[in-house]
Amino acid sequence: MTYRTGIGVDIHPLVEGRDLILGSISVPHSHGLDGHSDGDALTHAIIDACLGAANLGDIGAHFPSGDPKYDGIRSTKLLSETGSILAQLDWRVDYIDATILAERPMLRPYIADMRAELAAALNMGIESISLKATTADHLGFVGRGEGICCMAIATITKT
């Protein structure tokens, strides 16, 4: 069997007037992530990790921000489409490990729901999604509450 691993990173600024969406879950907060879609940096990082593992470029190559059909779209819909793209090429996503860097809000209460949404989008078991959240200890743009950074790694297998 052929295994591959890919890495994804996504960063979005926090802005007023938007809902904070991470892992397809609406998290109560005074600011949300700016972006062409729903701004879900976690899901975007996972998409990039999956595409990278299959050597298929990045999220922008498949779902360009200039395309109006992606304006405001739920990022887990893009993740499902990514899973379909991989499946057409005989790749299966086996495991995702991701980390959210955010000074606030506290994300621990939402992690289980995020894992469930991400697993459903990829049609895989929740045990195959690892998700953590950490702060930046008040350092840099994350520590100042100006944005959120997400990192992910995906392991895929040729079926």
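Worth knowing before you read on, the calculation uses all heavy atoms, side chains too, and leaves out hydrogens, waters and symmetry mates. Everything numeric here is computed off the predicted structure, so don't read it as measured data.
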Practice prompt. Using the side chain to side chain donor-acceptor pair (under 3.5 Å) rule, take T76 and S24 through it: C-alpha gap first, then chi angles, then the decisive distance, then the call.
Written response: CA-CA 6 Å; T76 44; S24 199; 3.1 Å; yes
Practice prompt. For side-chain contact (heavy atoms from CB on, under 4.5 Å), just list the numbers for F63 and I73, CA-CA rounded to whole Å, side-chain angles, deciding distance to a tenth of an Å, and then say yes or no.
Written response: CA-CA 10 Å; F63 312 108; I73 195 169; over 6 Å; no
Worksheet item: For H44 and H12, what are the C-alpha separation, side-chain angles and deciding distance, and is it a side-chain contact (heavy atoms from CB on, under 4.5 Å)?
Response: CA-CA 10 Å; H44 296 175; H12 285 259; 3.2 Å; yes
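In terms of heavy atoms, G143 sits closest to A136 at N-CB, 3.8 Å. The minimum heavy-atom distance linking L22 with A41 is given by the pair CD2-N, 4.4 Å. The minimum heavy-atom distance linking P28 with S26 is given by the pair CD-O, 3.8 Å. Residues P105 and V27 share a closest heavy-atom pair of CG-CG1, 3.7 Å. The two residues V93 and C50 make their nearest non-hydrogen contact at CG2-SG, 4.0 Å. The two residues A53 and G6 come nearest to each other via the heavy atoms CB-N, 3.4 Å.
Between the K132 side chain and the I100 main chain, no donor and acceptor come within less than 3.5 Å of each other. Not a single donor-acceptor pair under 3.5 Å links the side chain of T155 to the backbone N or O of T5. Distance alone, capped at 3.5 Å, places no donor-acceptor pair between the D137 side chain and the L139 backbone. With hydrogens and angles disregarded, no donor-acceptor distance shorter than 3.5 Å links the side chain of D90 to the backbone of T159. The backbone N or O of L33 sits less than 3.5 Å from a side-chain atom of R18, completing a donor-acceptor pair. Judged by distance alone, with hydrogens and angles left aside, the side-chain atoms of S80 form a donor-acceptor pair with the main-chain N or O of A121 at under 3.5 Å. Remark: side-chain polar atoms of E103 are paired, donor with acceptor, to backbone N or O of H138 under 3.5 angstrom. Judged by distance alone, the side chain of D38 and the main-chain N or O of S75 form a donor-acceptor pair under 3.5 Å. The closest donor-acceptor contact from the side chain of D48 to the backbone of L51 lies at 3.5 Å or more, if one exists at all.
Criterion: ILVMFWY side-chain heavy atoms under 4.5 Å apart, direct or through other members. Under it, Y110 and I21 are not part of a common hydrophobic cluster. Under the 4.5 Å side-chain contact rule for hydrophobic residues, V9 and I46 do not share a cluster. Connection of L79 to M151 is not established within any shared hydrophobic cluster, with ILVMFWY side chains joined at heavy-atom distances below 4.5 Å, either directly or through further cluster members. Taking hydrophobic clusters as Ile, Leu, Val, Met, Phe, Trp and Tyr residues chained together by side-chain heavy-atom distances below 4.5 Å, L86 shares a cluster with L89. Each of Y95 and L122 belongs to its own hydrophobic cluster when Ile, Leu, Val, Met, Phe, Trp and Tyr are linked at side-chain heavy-atom distances under 4.5 angstrom.
Put simply, CD1 on I47 and CG on L78 are 5.0 Å apart, with the number rounded to the nearest 0.5 Å. Rounded to the nearest 0.5 angstrom, T2 OG1 and W91 CH2 are separated by 5.5 Å. Between L20 atom CG and R104 atom CZ the span is 12.0 Å, to the nearest 0.5 Å. Atom CG of residue L131 and atom CD1 of residue I111 lie 4.0 Å apart, to the nearest 0.5 angstrom. Note that CD1 of I96 is 10.0 Å distant from OG of S130, once rounded to the nearest 0.5 Å. The OG1 atom of T43 sits 9.0 Å away from the CZ atom of R74 when rounded to the nearest 0.5 Å.
Counting heavy atoms from C-beta outward, M114 and I129 have side chains that stay 4.5 Å or more apart. D71 places a side-chain heavy atom less than 4.5 Å from the side chain of H36.
A side chain to side chain contact (heavy atoms under 4.5 Å, CB included) with I148 is found for exactly one of D10, D40, L14, namely L14. Each of S65, P64, S37 was scored for a side chain to side chain contact (heavy atoms under 4.5 Å, CB included) with Y70, with one residue passing: P64.
Annotation: I7, atom CD1; neighbour count of heavy atoms from other residues, nucleotides and ligands within 6.0 Å does not exceed 12. The number of heavy atoms from other shown groups lying within 6.0 Å of CG (N123) does not exceed 12.
The side-chain hydrogen bond (donor to acceptor under 3.5 Å, both in side chains) search around H31 returns none, not counting sequence neighbours. Annotation: side-chain hydrogen bond (donor to acceptor under 3.5 Å, both in side chains) contacts of T82 (sequence neighbours excluded): none.
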